[in-house]
2 protein chains.
Amino acid sequence: MKKSQGNRTELLQGTLDMLILRVLAETPLHGYAIGKRLGEVSAGRLEIPQGSLYPALHRIEQRALVDATWTTIRGREAKVYAINAKGRRKLKDEISGWEELASTVSLVLNNA
Amino acid sequence: MKKSQGNRTELLQGTLDMLILRVLAETPLHGYAIGKRLGEVSAGRLEIPQGSLYPALHRIEQRALVDATWTTIRGREAKVYAINAKGRRKLKDEISGWEELASTVSLVLNNA
DNA sequence: CTTCATGCCTAGACACTCTACCTATCAATA
DNA sequence: TATTGATAGGTAGAGTGTCTAGGCATGAAG
């Protein structure tokens, strides 16, 4: 039945791609597994809807930040994503961008 | 002349309203002054374009988080915004939401 | 008299997330 | 056997928010 529990833009724009690249930096995964992995490493705080996840994957694939290959896993077709060199550079950039933003925001929050 | 230096969504979605409410929590200000104040308290790291600032102000005004009054300052008309009780509650919520998000993101970034 | 800082504003493009839906396979359960 | 839940992929459309790029007007300074 899938109740909609009023999730009003849970995540901030642009953050998702960075988080996906981050988990892919550890090991290649397919989309569904990425979603579960994000749940794990966030201590259950992140539950990415498929309607956010898959478009994000297509985005980063089109930007050539990952290489995708169709594989058969336990009888099911799965599209496995692996981060590439360009993706790793982009990830670095996005992390430093995030950190700068976070520090700027807390500057404003604490600094009147 | 106002060159566009390739600012690709400098700020994250939803953050701006929080930051505006934050500076208004100190003292009422008009729009233009809010922009300058955000520049100051962020050590120059934030330069909010007017095309972001004014829509944001109209948003939070429509959500009744601030009270606005037209005043004459140095011969010019200025719309002064003051945060109200509802706005202060909302600010609190948004700050805790932000902090949770920030901690979740760093959890993922550090936690593989 | 022209430029700069101040002060307000909008339209339209663009980007990203969300809800809500679709398909399909495999395992377990009723 | 039928059906549900987990796994695995996907799209369409709405909603939201930021940005670019313009507009208008006043007061002070050159």
Side-chain angles (χ1 to χ4, degrees), chain A residues 1-21 28-39 46-63 68-81 94 97-98 101 105, chain B residues 1-21 28-39 46-63 68-81 94 97-98 101 105:
Chain A
M1 210 45 68
K2 196 68 71 96
K3 255 208 321 243
S4 57
Q5 57 258 24
N7 277 6
R8 204 142 277 296
T9 301
E10 188 58 59
L11 213 52
L12 251 16
Q13 304 260 130
T15 311
L16 181 55
D17 294 17
M18 175 179 69
L19 296 183
I20 291 174
L21 289 176
L29 292 170
H30 59 257
Y32 196 85
I34 291 171
K36 301 200 73 181
R37 187 94 191 100
L38 282 174
L46 246 37
E47 284 179 50
I48 312 298
Q50 297 191 339
S52 307
L53 183 61
Y54 287 112
L57 287 172
H58 299 332
R59 232 164 24 231
I60 63 181
E61 186 186 1
Q62 262 201 325
R63 288 178 192 166
T69 17
W70 282 97
T71 322
T72 302
I73 298 180
R74 286 189 297 277
R76 283 187 214 77
E77 290 291 293
K79 196 173 180 182
V80 173
Y81 296 90
E94 289 192 2
W98 162 261
L101 170 75
V105 169
Chain B
M1 206 50 67
K2 194 70 68 102
K3 254 208 320 246
S4 57
Q5 57 258 23
N7 277 7
R8 203 145 277 297
T9 303
E10 188 58 59
L11 214 51
L12 251 15
Q13 304 261 125
T15 311
L16 182 54
D17 294 17
M18 175 178 70
L19 297 182
I20 291 174
L21 289 176
L29 291 170
H30 59 256
Y32 196 85
I34 291 172
K36 301 198 73 179
R37 187 93 190 102
L38 282 174
L46 247 35
E47 283 179 51
I48 312 299
Q50 298 192 341
S52 307
L53 183 60
Y54 287 111
L57 288 172
H58 300 330
R59 232 167 19 235
I60 63 182
E61 185 186 2
Q62 262 201 325
R63 288 177 193 169
T69 17
W70 282 97
T71 322
T72 302
I73 299 178
R74 283 189 298 279
R76 282 188 214 79
E77 289 291 293
K79 197 174 180 181
V80 173
Y81 295 89
E94 289 193 1
W98 161 261
L101 170 76
V105 168

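So you know, we letter chains A, B, ... as the sequences are listed, proteins then strands, and number each from 1.
For the pair Met18(B) and Val105(A), the minimum side-chain heavy-atom distance is below 4.5 Å. Residues Leu11(B) and Ile48(B) form a side-chain contact, since some pair of their non-hydrogen atoms from C-beta on lies under 4.5 Å apart. Looking only at side-chain heavy atoms (C-beta outward), Thr72(B) and Glu77(B) come within less than 4.5 Å of each other. Using a 4.5 Å cut-off on side-chain heavy atoms (C-beta onward), Leu57(A) and Lys79(A) make no contact.
When the nucleotides dT19(C), dT17(C), dC9(C) are ranked by their closest atom to the side chain of Tyr54(B), dC9(C) comes out on top. If you check dC16(C), dT18(D), dC18(C) against the side chain of Asp17(B), the one that comes closest is dT18(D). Of all nucleotides listed (dC8(C), dT7(D), dT11(D)), dT7(D) comes nearest to the side chain of Tyr32(A). Closest to the side chain of Ile73(B), from the set dC19(D), dG7(C), dG10(D), is dG7(C).
At least one side-chain nitrogen or oxygen of His58(B) sits closer than 4.0 Å to the OP1 or OP2 atom of dT10(C). At dT17(C), one or more side-chain N or O atoms of Arg59(A) fall inside 4.0 Å of OP1 or OP2 (strictly under the cut-off). Residue Lys79(A) places at least one side-chain N or O closer than 4.0 Å to OP1 or OP2 of dG10(D). The phosphate of dT6(C) has OP1 or OP2 within less than 4.0 Å of a side-chain N or O from Lys36(B).
The residue Gly31(A) sits close only to the backbone: its heavy atoms come under 4.0 Å of sugar-phosphate atoms, none of a base.
Rounded to whole Å, atom P of dT18(D) lies 11 Å from atom CE of Met18(B). Whole-Å rounding puts the Leu16(B) CG to dT16(D) C1' distance at 13 Å. For the pair Leu29(A) CG and dT7(D) C1', the computed distance is 14 Å after rounding to whole Å. Note: CD (Gln13(B)) to C1' (dG15(D)) measures 11 Å, nearest angstrom. Rounded to an integer number of Å, the gap from Leu19(A) CG to dT17(C) C1' is 13 Å. Rounded to an integer number of Å, the gap from Ile60(B) CD1 to dT18(D) P is 11 Å. In this structure, the CG atom of Leu53(A) is 15 Å from the P atom of dC16(C), given to the nearest Å. In this entry the distance linking NE2 of His30(B) with C1' of dC9(C) reads 14 Å, nearest Å.
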Quick tally for nucleotides 22-29 of chain C: nucleotides whose base has a protein heavy atom under 4.0 Å get B, sugar-phosphate-only ones S, the rest -, giving ---BS---
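Here the CG-CG distance, from Leu101(A) to Leu12(B), works out to 5.5 Å after rounding to the nearest 0.5 Å. Rounded to the nearest 0.5 Å, atoms NZ (Lys36(A)) and CG (Leu53(A)) are 13.0 Å apart.
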Step-by-step side-chain contact (heavy atoms from CB on, under 4.5 Å) determination, Leu46(B) to Leu19(B)
CA-CA 10 Å; Leu46(B) 247 35; Leu19(B) 297 182; 3.8 Å; yes
